K.L.:
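Before I ask anything, let me first share the structure, which is written out below as structure tokens.
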Amino acid sequence: MMPERPRVALYYASHDGQTRKIVDRLAGHLAAHGVDTFITDLSANPAPAIDTEADLVLLAAAIRYGFHLPAARRFLSRLRVEIPDERIAVVSVNLTARKPGRQTADGNVYLRNWLKRTDLRPLFAAAVAGKLDYPAYRWFDRMMIQAIMTISGGPTDPSTVIEYTDWAAVEALAEELAMLVKPTP
Ligand SMILES: Cc1cc2nc3c(=O)[nH]c(=O)nc-3n(C[C@H](O)[C@H](O)[C@H](O)COP(=O)(O)O)c2cc1C
């Protein structure tokens with residue numbers, strides 16, 4: 001009999017689409033590594049059934065104004081009841097992760113605080129840089145992000161659109177995840 005393929009269930013909360021793009025890319029790379037995936041958009045389906053049989057459940061969430069999107073935070077509280085921390089992975093998408101050293105649970109303030117606040121000890125945690133898209137933002141949001149960028153030394157020109165996501169790093173994350181769920185030969 002063929003051994004069953006490992007499975008990663010990916011749940012995500014995205015406001016402007018970049019987290020969705022990252023999750024799609026992760027799923028593509030995982031499939032290439034022989035891992036089955038199953039993707040759920042928490043904005044479309046805020047209280048989905050949790051895939052308790054998955055080898056790993058990954059939650060990816062975008063940051064807005066210092067916090068992961070509420071749909072992701074709510075989902076995490078449900079997730080923890082059904083899945084042990086050792087089978088949970090979290091990916092935080094934010095603009096702070098564009099800077100060197102800010103892609104880890106220790107180095108990324110949002111991820112670090114999230115894990116601390118929830119006392120979550122996931123098997124895997126990483127931060128991935130998102131996208132800056134001033135023209136797409138409403139006036140208030142644009143002003144706020146410009147203020148944040150002034151403080152953090154980023155671009156403030158309102159016509160700026162930059163995808164900071166490091167796709168090679170996303171591929172490397174998928175590889176790490178695949179290693180975690182693949183049975184050792
Ligand atoms: C209104 C708004 C607030 C944001 N707040 C933060 C923030 O506090 N810290 C940060 O690092 N990035 C912040 N970002 C950047 C987003 O995390 C980034 O654009 C990410 O790609 C969004 O993911 P999404 O497209 O999946 O919604 C903010 C973006 C917007 C539009």
Side-chain angles (χ1 to χ4, degrees), residues 1-64 67-95 97-98 102-105 108 110-111 114-115 118 120-131 163-185:
M1 211 171 78
M2 287 282 285
E4 229 179 271
R5 284 158 61 99
R7 184 168 78 241
V8 176
L10 304 137
Y11 296 83
Y12 73 88
S14 179
H15 191 283
D16 298 322
Q18 194 65 13
T19 305
R20 175 202 310 265
K21 200 168 163 185
I22 291 164
V23 164
D24 283 345
R25 198 66 79 92
L26 281 174
H29 290 307
L30 283 166
H33 284 284
V35 177
D36 284 341
T37 58
F38 182 86
I39 302 179
T40 304
D41 175 3
L42 295 170
S43 356
N45 187 2
I50 294 174
D51 184 353
T52 53
E53 297 299 313
D55 298 279
L56 191 66
V57 178
L58 183 144
L59 172 60
I63 286 278
R64 268 174 94 86
F67 290 95
H68 292 92
L69 292 176
R73 289 187 281 142
R74 280 192 294 268
F75 180 73
L76 183 62
S77 44
R78 282 186 58 224
L79 186 61
R80 300 199 61 196
V81 177
E82 299 199 32
I83 306 282
D85 285 13
E86 315 80 72
R87 279 201 286 130
I88 295 178
V90 289
V91 171
S92 173
V93 177
N94 56 70
L95 284 179
R98 75 186 190 283
R102 307 286 166 87
Q103 296 82 32
T104 61
N108 192 277
Y110 304 113
L111 192 51
W114 202 25
L115 299 184
T118 54
L120 181 74
R121 291 176 184 80
L123 180 65
F124 177 96
V128 174
K131 183 180 177 184
E163 189 177 63
Y164 285 105
T165 310
D166 176 347
W167 295 112
V170 171
E171 183 171 5
L173 291 187
E175 230 163 85
E176 267 186 73
L177 290 166
M179 297 284 281
L180 290 172
V181 295
K182 273 187 158 173
T184 35

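All figures in this text were calculated on a predicted structure; none of them were measured in a lab.
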K.L.:
Going by heavy atoms in the side chains, are Val93 and Tyr12 under 4.5 Å from each other?
P.N.:
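Heavy-atom side-chain distance check fails, nothing below 4.5 Å.
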
K.L.:
So that I can tick it off, tell me whether Asp51 and Arg7 are bridged by a salt bridge, with the cut-off set at under 4.0 angstrom between side-chain N and carboxylate O.
P.N.:
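Yes, charged N to carboxylate O under 4.0 Å.
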
K.L.:
Taking the side chain as everything from C-beta on, heavy atoms only, tell me whether Leu115 gets closer than 4.5 Å to Val90.
P.N.:
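In short, these two side chains touch, coming nearer than 4.5 Å.
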
K.L.:
Salt bridge check, Arg5 against Asp36: does any charged N sit closer than 4.0 Å to a carboxylate O?
P.N.:
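So Asp36 pairs with Arg5 through a salt bridge.
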
K.L.:
Do Glu4 and Pro183 come within less than 4.5 Å of each other through their side chains, counting heavy atoms only?
P.N.:
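No, too far: nothing below the 4.5 Å cut-off.
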
K.L.:
Side chains of Glu163 and Lys21: closer than 4.5 Å at any heavy-atom pair?
P.N.:
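SC-SC contact between Glu163 and Lys21 confirmed.
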
K.L.:
Mind checking the CZ-OH spacing from Arg78 to Tyr11? Nearest 0.5 Å is all I need.
P.N.:
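Reported to 0.5 Å precision, the distance equals 8.0 Å.
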
K.L.:
Ignoring hydrogens, what is the shortest heavy-atom contact between Thr52 and Ile83? Give both atom names and the distance.
P.N.:
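Reported closest heavy-atom pair: CA-CD1, 3.7 Å.
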
K.L.:
Compare every heavy atom of Thr37 with every heavy atom of Ala27, then report the nearest pair and how far apart it is.
P.N.:
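Of all heavy-atom pairs spanning Ala27 and Thr37, the closest is CB-OG1, 3.7 Å.
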
K.L.:
Return the CG to CG distance between Asp85 and Leu120, rounded to the nearest 0.5 Å.
P.N.:
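It comes to 4.5 Å.
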
K.L.:
Could you list all the salt bridge (charged side-chain N to carboxylate O under 4.0 Å, His left out) pairs where at least one residue sits in residues 165-175, not counting sequence neighbours?
P.N.:
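Every pair satisfying salt bridge (charged side-chain N to carboxylate O under 4.0 Å, His left out) with a residue in residues 165-175: there are none.
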
K.L.:
Atom CZ of Phe124 and atom CG of Leu56: how far apart are they, to the nearest 0.5 Å?
P.N.:
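Spacing of CZ (Phe124) from CG (Leu56) equals 8.5 Å.
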
K.L.:
Where is the tightest heavy-atom contact between Tyr110 and His68, given as atom of each residue plus distance?
P.N.:
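Looks like O-CE1, 3.7 Å.
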
K.L.:
Look up atom CZ in Phe75 and atom CG in Asn45, then write down how far apart they are to the nearest 0.5 Å.
P.N.:
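These two atoms lie 9.5 Å from each other.
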
K.L.:
Looking only at heavy atoms, which two atoms of Ala97 and Ala129 are closest? And how far apart?
P.N.:
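For Ala97 versus Ala129, the nearest heavy atoms are CB-N, 3.5 Å.
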
K.L.:
Quick test of your reading of the model: are Asp55 and Arg87 salt-bridged, counting only N-O distances below 4.0 Å?
P.N.:
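Salt bridge: no.
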
K.L.:
Without swapping roles, check the side chain of Lys131 against the backbone of Asp16 for a donor-acceptor pair under 3.5 Å.
P.N.:
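Looks like no, no N/O pair under 3.5 Å.
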
K.L.:
What are the two closest heavy atoms between Ala61 and Thr19, and how far apart are they?
P.N.:
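The pair with the smallest heavy-atom distance is N-CG2, 4.1 Å.
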
K.L.:
Is there a side-chain contact between Leu42 and Pro48, using heavy atoms and a 4.5 Å cut-off?
P.N.:
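Counting from C-beta outward, Leu42 and Pro48 do come under 4.5 Å.
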
K.L.:
Of the non-hydrogen atoms in Leu111 and Ala127, which two are nearest, and what is the gap between them?
P.N.:
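Residues Leu111 and Ala127, closest heavy atoms: CD2-N, 3.8 Å.
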
K.L.:
Which value, rounded to the nearest 0.5 Å, describes the distance between Lys182 atom NZ and His33 atom NE2?
P.N.:
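Rounded to the nearest 0.5 Å, the NZ-NE2 separation comes to 6.5 Å.
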
K.L.:
Would you call Trp167 and Ile22 a side-chain contact if the rule is heavy atoms closer than 4.5 Å?
P.N.:
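Yes - at least one pair of side-chain heavy atoms lies under 4.5 Å apart.
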
K.L.:
Quick one, Ile88 and Leu59 - any side-chain contact, counting heavy atoms below 4.5 Å?
P.N.:
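Answer no - side chains too far apart.
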
K.L.:
Does the Asn108 side chain pair with the main chain of Gln103, one donor and one acceptor, at a distance under 3.5 Å?
P.N.:
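No, the answer is negative, given that no donor and acceptor are paired below the 3.5 Å cut-off.
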
K.L.:
With heavy-atom distances below 4.5 Å as the criterion, would you say the side chains of Leu79 and Val57 are in contact?
P.N.:
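Heavy-atom side-chain distance check passes, below 4.5 Å.
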
K.L.:
Any chance you could measure Glu176, atom CD, to Leu26, atom CG, to the nearest 0.5 Å?
P.N.:
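Going from the CD atom of Glu176 to the CG atom of Leu26 covers 11.0 Å.
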
